Amino acid sequence: MDLRLKAQYFTDPCRYEPNIFRRRYRMQPWVFDRMMRDVANYDPYFVQTRDACGRVSLSTEQKLTCAMRMLAYGITADFCDDYLDIAKTTAIEILEHFTKTIWNVYHETYLRRPTPADLRRLLDKAAERGFPEMVGSLDCMHWQWKNCPTRWAGQYTGHKGKPTIILEAVASYDTWIWHAFFGLPGSLNDINVLGCSPLFNDVCLGETPEVSYQVRNRHYRQCYYLVDGIYPKWGSFVQAIRNPRTPQTQHFTRMQEAYIKDVKRAFGILQARWAIIRGPARGWSKENLQYIKMTCIILHNMIVEDEHDEDAVEPFDPDDIPTRPKKAEIYARPIIDTDVHRNPHQLNQFLRSHREVRCPVMNKNLQDDLVDHLWTMKLQAYQNHQ
C-alpha cells in the first residue's frame, strides 16, 4: 500500500499531475513536501521505523495522507483502512499528533500579528479601496459540536439551537486570517466573545507598530476593523450606517458592507477547503477540536502564502485620485519595560491606549470622515473618466 501511494503522488514521475495533487491534498506538492519534512523533524512519531519483529511501520507519506484526507474530506477514522491500511484507532492517533505538531511548528509564523511590512501592504490595499488604515474585517463563526457532553449542552447551545463552539477571526483582503480566537461556548454573542478576546492586548501593551495617518484633515493614531452592527461603537471599529438617507451615507454603507465580506469569504473558503470543520465536530475533547480548528487555519494561511501573487494585482496609480489621504507612517516602538505594575509611565500609556481603543467619539469622527472621503473619491473617479 505504501509503494502504491508513493507511485501515485510522491515519485518522479508519478501517476497523478500536480493539479490532481492540489485538489486532493489542498496544497501544491512543494508545500506538502516542506510541511512533511518539518513535521517529521519535529515529531519522531511520523518517522518510519521497524518494530521488534523487523516489520516496517507506516511511512511518513501514509500518516500525513491519512491526516490530510480526514481534514480535507471530513471522512471518519475507519474509512482510511480501505485505502491506506490504517485502523481506526491509529488514524485518530495520527490526527492528534498531526494537529499538535502543526500548531507547535507553525503557529508563530502563520498566526503572527502583522509585521511592519505586512502592515504596509495591508494599509496600501485598504487605501486603494477607500478605507485608509483599515487592517481587516472582524466577525465570528460557529462550529457545531455533535458529541458535546450532555452536562455542557446548555452552555454551548445558542441561537443555532445546537451546541456550537465560536471562532473569532480577523481576515484581510487576500483571506489571510491574522487573528483566531476559538473555544468559547455558542451561547455567547459577538460582544461577549470580544470581551474575552485578546484582540487588543498587544495594542494596549504597546507591542504593535505605531501608525499615524490623516483622513479629511483629522489625525488618527491607530488602525481599525470593519465590523457588523452588533459590535460596540469603539474607535477601533467602523460599522455601516443604519438606514442611510443621503447619497454620501448610502455610498459609504455599500462600500463598508462590500469590504466586510472579506472575513465571511475567508470563512467560506476555510469550510470549503477543510470539510472537517464544515460538518459537525465528532470529537469528545474540546482541546482536540481546538487543535483541529487552528491546524485548518494555519494550513489555510500556508496555501494563501504560496498561491497569492502580489505581482498579478493591477498596480494602483495614486495620481488617479489626488484626494487620497497621506500615506500612514509606520515605525517600530522602542523596547521598553511592559510591567505596568511597576512602571507608572507604562501604566498611563496602557490606560491611554485602552481609552483610545474604546473611544465612541473617535468612532463617530472616523465614520464621518470616511463618509466624506469615500464620496470625494467617487466624484474624483467620475471626473477622471469623463
Side-chain angles (χ1 to χ4, degrees), residues 112-116 118-120 122-124 126-127 129-140 168-172 178-179 181 190-241 252 256 259-260 263 325-374:
R112 67 182 187 275
R113 62 172 181 258
T115 62
D118 296 329
L119 195 57
R120 167 57 58 200
L122 296 176
L123 299 187
D124 287 345
R129 289 173 151 195
F131 286 89
E133 320 324 312
M134 183 266 293
V135 180
S137 48
L138 171 69
D139 203 2
C140 296
E168 179 192 68
V170 171
S172 55
W178 295 100
H179 163 77
F181 178 59
D190 293 1
I191 302 177
N192 304 136
V193 175
L194 178 65
C196 302
S197 172
L199 177 62
F200 294 108
N201 288 1
D202 295 337
V203 177
C204 294
L205 293 176
E207 297 178 356
T208 57
E210 292 186 355
V211 176
S212 176
Y213 65 98
Q214 180 177 332
V215 182
R216 307 296 295 178
N217 298 323
R218 201 193 306 266
H219 292 274
Y220 298 92
R221 300 190 325 105
Q222 63 179 8
C223 298
Y224 57 90
Y225 303 95
L226 300 183
V227 295
D228 291 331
I230 188 175
Y231 283 92
K233 295 185 180 300
W234 289 358
S236 299
F237 296 148
V238 171
Q239 297 93 342
I241 298 176
F252 167 81
Q256 196 273 353
Y259 294 141
I260 198 178
V263 65
K326 181 181 178 181
K327 181 173 288 189
E329 300 176 1
I330 305 174
Y331 50 93
R333 293 178 180 268
I335 301 177
I336 55 178
D337 182 16
T338 58
D339 189 355
V340 297
H341 303 287
R342 299 185 180 182
N343 190 335
H345 174 72
Q346 185 66 22
L347 176 59
N348 293 333
Q349 184 177 358
F350 171 84
L351 294 175
R352 180 170 60 85
S353 300
H354 187 270
R355 287 193 297 267
E356 289 179 355
V357 167
R358 298 175 175 242
C359 179
V361 177
M362 186 179 298
N363 173 273
K364 177 62 176 174
N365 292 339
L366 181 58
Q367 187 181 68
D368 294 340
D369 292 338
L370 290 175
V371 169
D372 296 337
H373 173 67
L374 284 168

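All residue numbers in this chain count up from 1 along the given sequence. A quick note: this is a predicted structure, and the numbers were derived from the prediction, not measured.
Under 4.0 Å is where a charged nitrogen must lie from a carboxylate oxygen, and between R112 and D118 at least one such pair does.
Closest heavy-atom contact between E133 and A126: N-CB, 4.4 Å. Here the shortest heavy-atom pairing between L119 and P114 reads N-CB, 4.3 Å. Taking both residues in full, the closest heavy atoms of V263 and S137 are given as N-OG, 3.1 Å, listed atom of the first, atom of the second, then distance.
With rounding to the nearest 0.5 Å, the separation of CE in M134 from CD1 in I260 is 9.5 Å. How far NE2 of H373 is from CG of L366: 11.0 Å, rounded to the nearest 0.5 Å. The structure places SG of C359 at 8.0 Å from CG of N365, a figure rounded to the nearest 0.5 Å. With values rounded to the nearest 0.5 angstrom, I230 atom CD1 is found 9.5 Å from D139 atom CG.
With hydrogens and angles ignored, the 3.5 Å screen pairs no side-chain donor or acceptor of E168 with any backbone N or O of D190. Looking only at distances, a side-chain donor or acceptor of N363 sits under 3.5 Å from a matching main-chain atom of W234. A donor-acceptor pair is defined here as one N or O able to donate and one able to accept, closer than 3.5 Å; such a pair exists between the side chain of Q256 and the backbone of V238. Checked by atom type and distance alone, the side chain of Q239 pairs as donor or acceptor with a backbone atom of Y231 at under 3.5 Å. Side-chain atoms of S236 do not come within 3.5 Å of backbone N or O of Y224 as any donor-acceptor pair.
By the 4.5 Å heavy-atom criterion applied to side chains, R358 and F200 are not counted as neighbours. Looking only at side-chain heavy atoms (C-beta outward), M362 and Q222 come within less than 4.5 Å of each other. L199 is listed as a side-chain neighbour of L138, based on a closest heavy-atom distance under 4.5 Å. Between F237 and L194 the shortest side-chain heavy-atom distance falls below 4.5 Å. For the pair S172 and W178, the minimum side-chain heavy-atom distance is below 4.5 Å.
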Apply the test side-chain contact (heavy atoms from CB on, under 4.5 Å) to residues F131 and L374: give CA-CA distance (whole Å), side-chain angles for both, the deciding distance (0.1 Å), then the verdict.
CA-CA 8 Å; F131 286 89; L374 284 168; 3.7 Å; yes
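Checked by atom type, the side-chain pair Y220/D369 shows a donor-acceptor distance below 3.5 Å.
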